Amino acid sequence: MNNRNFDDLLAELRQNKPPPLPGSFAANVLRDIRLKRAASIPEPSWVSALLLWCRPSVLAAVLTVTIVVSIVLPGIDMARSADQFMATASLDLNIFSPAAANIPSGLLAKLP
């Protein structure tokens with residue numbers, strides 16, 4: 001583009017008056033500013049996380065996992081403690097405990 005032509009074009013545009021603005025221009029600008037400001041305010045992250053967890057499908061899955069875990073884990077723990085009790089009883093490993101009946105500390109523990 002020729003710079004001289006561009007300068008002439010700018011000088012010609014400066015001489016012309018701009019067209020008048022409509023009467024609601026200021027109200028429209030303020031409304032757009034208000035809408036963009038409201039849209040730009042981010043939602044706190046804890047609110048979005050709470051809304052994510054409050055969906056019915058997520059709540060149903062969490063409830064199902066909680067029930068399954070609360071039923072299965074005590075059974076596993078009881079089976080392990082039963083196996084441990086049987087191993088201790090068969091090997092007589094409680095002889096080393098402070099409540100063993102055959103050592104003096106065990107006898108003292110039984111006294112009232």
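Keep in mind that this is a model prediction, so the values were computed, not measured.
Exactly one of I67, V69, V62 qualifies for a side-chain contact (heavy atoms from CB on, under 4.5 Å) with V65. That residue is V69.
Rounding to the nearest 0.5 Å places CD of Q15 at 9.5 Å from CG of L13. The distance from the CD1 atom of I71 to the OG1 atom of T66 is 11.0 Å, given to the nearest 0.5 Å.
In the hydrophobic cluster analysis, where Ile, Leu, Val, Met, Phe, Trp and Tyr join through side-chain heavy atoms closer than 4.5 angstrom, L21 is grouped together with V29.
Residues L9 and N5 are not in side-chain contact: their nearest non-hydrogen atoms beyond the backbone lie 4.5 Å or more apart.
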Determine whether E12 and D8 satisfy the following criterion, side chain to side chain contact (heavy atoms under 4.5 Å, CB included), listing intermediate values before the conclusion.
CA-CA 6 Å; E12 183 182 325; D8 292 339; over 6 Å; no
